[in-house]
Amino acid sequence: MSEYLLAADDVSFRYPGRGADTLHGITLALRRGERVGLVGESGAGKSTILKLLLGLDSPTAGAVRFRGAPLNLRDRAGLRGFRSAVQNVFQDPYGALDPRASVGRSISEPLRSLGIERDRAALDARVSELLRAVDLPADAADRYPHAFSGGQRQRIAIARALAPGPQLILADEPVSALDMSVRTQIIELLRGLGRADAAVPDDNQTGLLLVSHDLSIVAALCDRVAVLQDGRIVEQGPTARVLADPQHPYTRTLLAAIPRLPRAEE
Amino acid sequence: MSAIAVSATATPRGPRRRALGSLNLIVGAILLGIIVLAGIVSIFWTPFDPADTTGGRLQGPDGTHWAGTDKLGRDVFTQLIIGARLAITVGIGSVLIAAILGIVIGLLAGFSRRWVDDALTSLLDIAIAFPTLLLAMLIVAWRGASLDSAIIAIGLAGSAVIARLTRVVTQRILAQDFVTAARISGTGTLGIAWQHVLPNLWPTLVVPAALQFGGAVLAEASLSYLGLGSPPPNASWGRLLQEAQATVSVAPLSAILPGILLVVTVIGANLLADGLREKLDPTLRRAQ
Amino acid sequence: MSTLTVNGLSVRTEEERALVSDVSFTLPAGERLGIIGESGSGKSLTALSVLGLLPTGLRATGSIRLGDTELVGASPRTLNGVRGSGIAAVFQEPLTALDPLMRIGKQLAWPLSHHRGLRGDALKRGIIEALAAVALPDPEKIARSYIHEVSGGQRQRVAIALALACNPDILIADEPTTALDISVQAEILELLDTAVRERGMSLLLISHDLAVVSRMTEHLLVLRGGETIEQGATRTLLTTPAADYTRLLVDTARSLEAYLPEVTAPAPRTENHS
């Protein structure tokens, strides 16, 4: 498994006091730079998988492996390495930023907290660089989240996730709270991660785990997709194959349920 | 979605309430400011020595004794502005004790796992149910009747209220995504408490703290009235009220004035609290 | 059956800030109109104006006529009458329309007895039929349940049943599927489609989702920042949008859709039923 950057290895999870498991034997592995979509509806266990993959909780059974070794939430030094390699973007751009912290402080938080950079001037420089990367003006650093729109906040959140130079970004429904016209911009931004010709060129080969209920966004961003239903992965494979030739009835249901525009040429 | 957002930004009473809020804030600040000023002046200057009994007993107000004299011939105005100083001391002292203790306990409970939180919450419930007067009497029995005893008693009683509020707000803040983001950014528990919880906590606490200020002054007056405060010549308004009670028919002013000042202080603190509430209310602020 | 005519509708705040400016449209009896817009477009306020349910502090001016009845500035009594039988609404969050402390059957009883004069056993049958009509499984059990005991999709079905119980001429659906899972969304849209068709109701569908609106309606009104951007037949707007903004919305939706495999998309609704 060590060829994988992050992997859920036969992971099950049960919330304390619940009668049944929320996740049943999830196996999902991400290579360096890979983009994987995790598709499912409410209650399927998407958020729980994310929580485990982010090292915010431990699985009831099985293991989350980071570079092959089981993730130990008590190993502080190891966790620091993990945190700088695996970052997250949230669904709700309004809740994800501390309303009382300036944008610059929010973006530089991982750098400061992980001890990557302490020098004031270097931090400021890195923050402006990150703001530029997500197409925001450098003076945004001194302002507070309430001065920004939902799409702009999501850019700020992405800048924060990029700050420690992560190898993998987990994104939980990153555009579903945004207006249609803003969505494509954020999708383009995420698409650019890890590509040399992209809006945010980096040599880090940043991978992506995109959690969404929306197959078209997963199709736009991911090479591989896993379909989650009731805490189990029911289908997994290359995005093009799964979309073109879904094997599991649930995948077919999801595909058929997407509302489509009438075709232009009709 | 947009309907909800719009209705929040367009609260009809928004502008009017904000205007009222600033009016409250201004009037409250003026009322409280007068008392604070009087208290500060009394540190450096009083018309007479508070222990000076040469003024003749129960004199009415005149050019020399602006508010008359008491039954021992001491200047009432002098005692009133010293009372202002004591009232401010009581207010600030007990609110500080309540805030520091309350925030620490509240944060502890808010961050704790289930059973520690349960234990602390039960303790707080008991503390809130415990009568302030009884607590004050216990402390007076232990340390003797003094202003400090009153401040400690009132501060302790207030801390339980602040602690319970802090706990609830802390838990609400901890459930937010930005705290999870901080954790993912590698920020530890102390860092989260300091950088994210406290800054988001204080707007909620400022209003009850201002309310407690008025409450504390009133509570100290009651304690003094019952003889649990410090005696003249450095007496608080409550004690002055009690001293003047016997002679109220002859010299009503020395009973009425401390009462009026008490009311001014408490109303000032409450208006200030109301004004701050309007100013800090996030739903109103978003509308701007 | 009556036509809904909105003419020069504006919604302003107390400070005279316009949230909706001079919006006009006509919804003839039995037809379907979609209002599309992003957050802050005024689409929901337009719907609330028609319902006479603007949040306090917001004021509607202009004219909203249902048949011969003017609704702007109408008495609460008139509005109540209109809301009861002329116009019914389904919102994004069904919980806001439903009473958490009352059994679902009981909530349905009032409109059924009030509008259809059902009593006793007939009322009981009416309740079960109303729940069955929105394809709720085991309607007897649902009637006895409280709203928190049923799933999100079922809640929206109950809210639709409640709206239909008044036998309205016009159904206003404001983002009725936005809070639902995608597979549930398809079912609810199907249900709305059938209900509106079978009862010959008019439909005013408000959504941010172009695909949803175009699947359901033959006319579209595009709003942005409270102003009308464009208005016309759904098919025309989707194929040859006149306004840049409409084109942006269509292109965005199409560019995302382009990632999905081709399917035999349902034909757009046309005015073939009239």
Side-chain angles (χ1 to χ4, degrees), chain A residues 37 39-44 46 93-94 149-151 173 175-188 191 212-223 225 227 229 239-246 249-266, chain C residues 36-41 151-153 177-190 207-216 218 224 234-241 244-270:
Chain A
V39 176
E41 298 189 291
S42 55
K46 291 178 294 181
Y94 291 84
S149 69
E173 300 275 10
V175 299
S176 67
L178 303 178
D179 272 334
M180 220 23 155
S181 52
V182 181
R183 274 186 201 190
T184 24
Q185 300 168 10
I186 299 294
I187 289 172
E188 281 312 310
R191 204 166 29 170
S212 180
H213 71 283
D214 189 335
L215 271 168
S216 57
I217 286 158
V218 170
L221 285 169
C222 303
D223 323 315
V225 61
V227 180
Q229 184 190 25
T239 310
R241 200 277 294 154
V242 172
L243 292 186
D245 183 21
Y250 181 66
T251 316
R252 284 199 284 270
T253 310
L254 280 183
L255 263 170
I258 302 172
R260 305 288 188 101
L261 284 176
R263 259 174 293 181
E265 60 276 8
E266 278 177 288
Chain C
I36 188 129
E38 300 187 306
S39 48
S41 64
S151 74
T177 58
T178 306
L180 303 175
D181 274 332
I182 201 151
S183 56
V184 183
Q185 161 169 295
E187 296 167 14
I188 295 288
L189 290 178
E190 189 61 48
S207 176
H208 69 284
D209 191 330
L210 204 54
V212 165
V213 178
S214 55
R215 173 194 182 299
M216 297 286 289
E218 57 260 10
R224 184 192 200 184
T234 303
R235 179 193 285 264
T236 317
L237 256 64
L238 290 182
T239 48
T240 49
D244 289 345
Y245 181 66
T246 315
R247 192 169 306 119
L248 173 72
L249 289 182
V250 174
D251 288 351
T252 306
R254 286 211 191 277
S255 70
L256 279 177
E257 213 169 78
Y259 291 105
L260 295 172
E262 286 281 316
V263 287
T264 40
R269 284 193 55 87
T270 47

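Throughout, a chain's letter reflects where its sequence line sits, starting with A, and its residues are numbered from 1.
- Residue contact with chain C, scored on non-hydrogen atoms closer than 4.5 Å, involves the side chain of Ile187(A) exclusively.
- Of all heavy-atom pairs between Ile182(C) and Ala257(A), the closest is O-CB, 3.6 Å.
- Distance check: Tyr259(C) OH to Leu221(A) CG gives 7.5 Å after rounding to the nearest 0.5 Å.
- Of all non-hydrogen atoms in Val184(C) and Glu41(A), the two that sit nearest each other are N-OE2, 4.4 Å.
- Counting heavy-atom pairs closer than 4.5 Å to chain C, the top-ranked of the candidates Leu243(A), Thr184(A), Leu215(A), Thr239(A) is Leu243(A).
- In this structure, the portion of Ser255(C) lying under 4.5 Å from any heavy atom of chain A is its side chain and not its backbone.
- Side-chain atoms of Glu257(C) never come within 3.5 Å of backbone atoms of Ser216(A) as a donor-acceptor pair (strictly under, hydrogens ignored).
- In terms of heavy-atom pairs under 4.5 Å with chain C, the best-connected choice from Ala244(A), Ala240(A), Ser181(A) is Ser181(A).
- With rounding to the nearest 0.5 Å, the separation of OG1 in Thr252(C) from CZ in Arg183(A) is 10.0 Å.
- With rounding to the nearest 0.5 Å, the separation of CG in Asp181(C) from CG in Leu254(A) is 8.5 Å.
- Residue Leu260(C) holds its CG atom at 4.5 Å from CD1 of Ile258(A), rounded to the nearest 0.5 Å.
- To the nearest 0.5 Å, atoms OG (Ser183(C)) and CG (Leu255(A)) are separated by 12.0 Å.
- In this structure, chain A has a heavy atom under 4.5 Å from the side chain of Leu248(C), while its backbone stays farther away.
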